[in-house]
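In what follows, every heavy atom counts, from backbone to side chain, and hydrogens, waters and symmetry copies are set aside.
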Amino acid sequence: MKKLHLLATLALAVASIAPVSAQRQLTVQANKPGAVIQPTMYGIFFEDINFGADGGLYAEMVENRSFEFPDRLMGWNVFGNVQMSNVRPAFERNPNYVILGDSGHIEKRTGLENRGFFGMGFKKGLRYDFSVYARLHDAGTRPARIRVELVNANNNIVTRQRITIGTSEWKKYTCSLTPNVTEPKGLMRIFLETPEGVDLDHVSLFPSDNWNGLRADLVKDLEDLKPGIFRFPGGCIVEGTDLETRYQWKNSVGQVENRPLNENRWNYTFAHRMYPNYFQSYGLGFYEFFLLSEKIGAEPLPVVSCGLACQFQNRTDDAHVPVENLQPYIDDALDLIEFANGGTDTKWGKLRADMGHPAPFNLKQIGVGNEQWGALYPVRLEKFIKAIRAKYPQIKICGTSGPSADGKDFDYGWQEMKRLKVDLVDEHYYKPPQWFLDNAGRYDNYDRKGPKVFAGEYAAHGRGDLNNWEAALSEAAFMTGLERNADVVYQATYAPLFAHVEGWQWKPDLIWFDNLTSTRSANWYVQMLYGTNKGTNVLRLTEDGKPVEGKDGLYASAVYDKDVKQCIVKVANSADKAQQVVITMKGMKSVGNVKAIVLSGDPKMENLVGRPEPIKPVEKQLQGSGNQLTVDVPAKGFMVLRF
């Protein structure tokens, strides 16, 4: 027994000094900062898909609050004497309103109820702010009274308030309601309590903890990403199903109550998840997008229509605006820049100031068109470029290479973008995880003298299109290539951003939520680690003199952060076994203590709403030896190392 123990001890001693066959030797040129990494390098892209705006980021809880859906009472249950009218409306661009009249019965009441978006979520003890525009239906009558109730799924009233309407002119009335229970699937009821009838419009309910009309928890999810760029409002939303339903930013600013309803591009697009009640109230409009950009510390990147309707849905040229009639679209782009940056002595700058933001929003970029391809696009884009550069030469213009990551249309798009000398080219790719692993070197050989790359929409679509760790890890590996090539890759944004667990149409998505809570996906944590560790300059990282971009499943990149004077190394291991990595920091005398942040897990694992998150960063401290650090990168793992 003692002899066996001695042999085992000797074997361990030999193993401790013998070279490890799987050991990887990485070298970082730590004292020679290279290409500048743009502050915009890692960011987010918002589109109103998956009920990402109304029913999501926009905190309004009432569906069809202004009765402007084509079916005027869609989203509402009515009882008693309820009628619709548009005579002498409160709001010119939202003219329809509801009339509550006497039912003519002692016990039979008149009223209506609204279940919001997949039910209304109430939190115990949180104040909810109700508002409505109302007037007496008949002038000269006595005051009328309505009762507002919040009701739980068991039909029990959890709070109520009464409002008295005393004038025949439109007036805004408010009250506050505080539920005594938490309820994920509640509703709101309004009763008429008097024989005197009332007209009601713009019926609204907001949680009191909202931030400028946006859901506080979802804003926090964005803020914690530390994004550098925020692209909005889409996406295909910009194009519209047709030109009439394209996103027109001028309809999304000014008084919220008077912003006209628009059809949502995604209401009937997906046969597996059709939502005939999917519209855009524009309560979340361009002013709110600019405010949100400031809040989360990201540069705004608005996208405007180039006069082409969605090319996937419209195959004939007559669906698009003729080139000779393009001027109103160009004017919209120029006016948008004035809205963002103009002085208060300009028309649109004054509107921004009147809305509450006298200071400019410091817009630096604008996108023209989304996923456009073929000859129809460049001829239109060229006119925008000429007009924008003549009036606002400092604004960067972002064109597009189409919806694909390669192929004939992609090559033609890039050729034309180079000819037109756009500043940025928007590339999109939704691919399997293996594509991301195979393409970590995608930008190694891009033209350094042409336009910069904006990876405007990308996501790994794993088995079942889930936000599993396999997909997130492949993105982490791919992003080492974005980082290594920061001299040509200007910025990148994961897409889409939000999805309601009951209203999703497309997945994966970065943040999932229900009516009360949200969950940060595994992909969110990858994006956060890049966003909070992006550095200011690229550092050369090699193995045997070559970039580390997938050999035996290992990927790596390195940056220097001059603001905190730290080197940051990112390592992804897509292999099924752990890999021991020795990192030599050339130009650094001693690495000392190194902070390690680790993400790892089963490839099929994902973070789900309402459950503990199995994929989350774990921090630990490592100790280097001289200018070297030896670290075991876990199987299917991603590490961020701060030297």
Does NZ in K350 sit with more than 12 non-hydrogen atoms of other residues, nucleotides or ligands closer than 6.0 Å? no

State whether the side chain of D221 and the backbone N or O of T519 hold a donor-acceptor pair below 3.5 Å, judged by distance alone. no

E239 side chain to L308 main-chain N or O, any donor-acceptor pair under 3.5 Å? no

Aromatic ring proximity, centroids under 6.0 angstrom, F51 and F118: yes

Short side-chain to backbone donor-acceptor contact, N251 and R259, under 3.5 Å: no

Do D224 and R520 meet the salt-bridge criterion of a basic N to acidic O distance under 4.0 Å? yes

Whether over 12 other heavy atoms sit under 6.0 Å from Q255 CD: yes

Kindly say whether the aromatic ring centers of W249 and F232 come within a distance under 6.0 Å. no

Aromatic ring proximity, centroids under 6.0 angstrom, F91 and W170: no

Taking atom CD of E92 as the centre, does the number of heavy atoms from other residues, nucleotides or ligands within less than 6.0 Å exceed 12? no

Is it true that E299 and K396 make a salt bridge, defined as a side-chain N closer than 4.0 Å to a carboxylate O? no

Result for side chain to side chain donor-acceptor pair (under 3.5 Å) between H500 and one of N50, D514, N515 points to N515

Taking T110 for the side chain and G101 for the main chain, is one N or O donor matched with an acceptor at less than 3.5 Å? yes

Has N341 got a side-chain atom pairing as donor or acceptor with N362's backbone, closer than 3.5 angstrom? yes

Run the side-chain contact (heavy atoms from CB on, under 4.5 Å) test on W266 and D48 for me, step by step, so that the C-alpha distance in whole Å, both residues' side-chain angles and the decisive distance to 0.1 Å come before the verdict. CA-CA 8 Å; W266 302 111; D48 188 3; 5.9 Å; no

Test L57 against L292 for side-chain contact (heavy atoms from CB on, under 4.5 Å), laying out the working first. CA-CA 11 Å; L57 181 59; L292 181 57; 3.9 Å; yes

Is the shortest side-chain heavy-atom distance between S85 and D199 below 4.5 Å? no

Determine yes or no for a side-chain-to-main-chain donor-acceptor pair under 3.5 angstrom, with R352 supplying the side chain and G342 the backbone. yes

L351 side chain near M355 side chain, heavy-atom distance below 4.5 Å: yes

To the nearest 0.5 Å, what is the distance between CD1 (I511) and CG (L497)? 5.0 Å

Please report the interatomic distance CG(L225) to CD(Q527), rounded to the nearest 0.5 Å. 7.5 Å

Under a 3.5 Å distance rule, please check whether D54 uses its side chain to pair with a backbone N or O of S281 as donor and acceptor. yes

To check you understand the geometry: which heavy-atom pair defines the closest contact between P451 and M417, and what is its length? CG-O, 4.0 Å

Side chains of N262 and T245: does their closest heavy-atom pair fall under 4.5 Å? yes

Pairing donors with acceptors under 3.5 angstrom, does anything connect the side chains of Y377 and E416? no

Could you state the interatomic distance from NZ (K452) to OG1 (T40), rounded to the nearest 0.5 Å? 11.5 Å

Worked verdict on E60 versus S204 for side-chain hydrogen bond (donor to acceptor under 3.5 Å, both in side chains): CA-CA 7 Å; E60 173 64 78; S204 176; 2.6 Å; yes

To the nearest 0.5 Å, how far apart are CZ in F45 and OH in Y494? 12.5 Å

Can you tell me if S252 uses its side chain to pair, donor with acceptor, with the backbone of F286 under 3.5 Å? yes

Would a line drawn from the ring center of F191 to the ring center of F79 be shorter than 6.0 Å? yes

Could you tell me whether K507 and D509 have a side-chain N and a carboxylate O separated by less than 4.0 Å? no

Close side-chain approach of P302 to F290, heavy-atom, < 4.5 Å: yes

Should the pair D331-K250 be classified as a salt bridge under the 4.0 Å nitrogen-to-oxygen rule? no

Any side-chain heavy-atom pair of P496 and E47 under 4.5 Å: no

Do you know the tightest heavy-atom contact between S293 and F230? OG-CD2, 3.2 Å

Does a sphere of radius 6.0 Å around NZ in K171 hold more than 12 heavy atoms from other residues, nucleotides or ligands, not counting ones at 6.0 Å or beyond? no

Decide, yes or no, whether a salt bridge links E457 with R231 under the criterion of side-chain N to carboxylate O below 4.0 Å. yes

On a heavy-atom basis, which atom in N370 and which in C236 lie closest, and how many Å separate them? ND2-N, 3.4 Å

For a 4.5 angstrom cut-off between non-hydrogen side-chain atoms, does Y173 reach I146? no

Which heavy-atom pair separates N314 from H320 by the least distance, and what is that distance? O-NE2, 4.0 Å

Verify side-chain contact (heavy atoms from CB on, under 4.5 Å) between Y247 and R265, making sure each step is shown before the conclusion. CA-CA 9 Å; Y247 196 107; R265 161 74 173 77; over 6 Å; no

Run the numbers on Q372 and R380 for side-chain contact (heavy atoms from CB on, under 4.5 Å), then give the verdict. CA-CA 11 Å; Q372 266 66 62; R380 288 166 172 79; over 6 Å; no

Between P89 and P95 the two heavy atoms that sit nearest each other are CB-O, 3.2 Å

Please confirm whether Y58 and F206 have ring centers closer than 6.0 angstrom. yes

Rounded to the nearest 0.5 angstrom, the OG1-CH2 distance for T400 and W414 is 10.5 Å

Can you confirm whether L205 sits close enough to M120 that some side-chain heavy atom of one is under 4.5 Å from a side-chain heavy atom of the other? yes

Between the main-chain N or O of W373 and the side-chain N or O of Q311, is there a donor-acceptor pair closer than 3.5 Å? yes

According to the interplanar angle, ranging from 0 to 90°, do the rings of F339 and F361 count as parallel (below 30°), tilted (30 to 60°) or perpendicular (above 60°)? tilted

Using the rule side-chain contact (heavy atoms from CB on, under 4.5 Å), only one of D201, L200, V203 pairs with V98; which is it? L200

Looking at W512, is its backbone amide N or carbonyl O close enough to the side chain of S521 to form a donor-acceptor pair, meaning the two atoms are under 3.5 Å apart? no

Distance (rounded to the nearest 0.5 Å) between K295 NZ and L214 CG: 10.5 Å

Which pair of heavy atoms, one from A375 and one from Y412, lies closest together, and at what distance? CA-OH, 3.5 Å

Do K220 and W211 have side chains that get closer than 4.5 Å, going by heavy atoms? no

Centre of Y97's six-membered ring, under 6.0 Å away, within 45 degrees of the axis: is that where NZ or CZ of R135 sits? yes

Can you tell whether the side chains of R115 and E113 come within less than 4.0 Å, N to carboxylate O? yes

Would you call the rings of W504 and H272 parallel, tilted or perpendicular, taking 30° and 60° as the class edges? tilted

Could you check, using the six-membered ring where one of them is a Trp, whether Y275 and F270 have ring centers closer than 6.0 angstrom? no

Check each of V62, L150, I190 against F130 using the side-chain contact (heavy atoms from CB on, under 4.5 Å) test, and report the only one that passes. I190

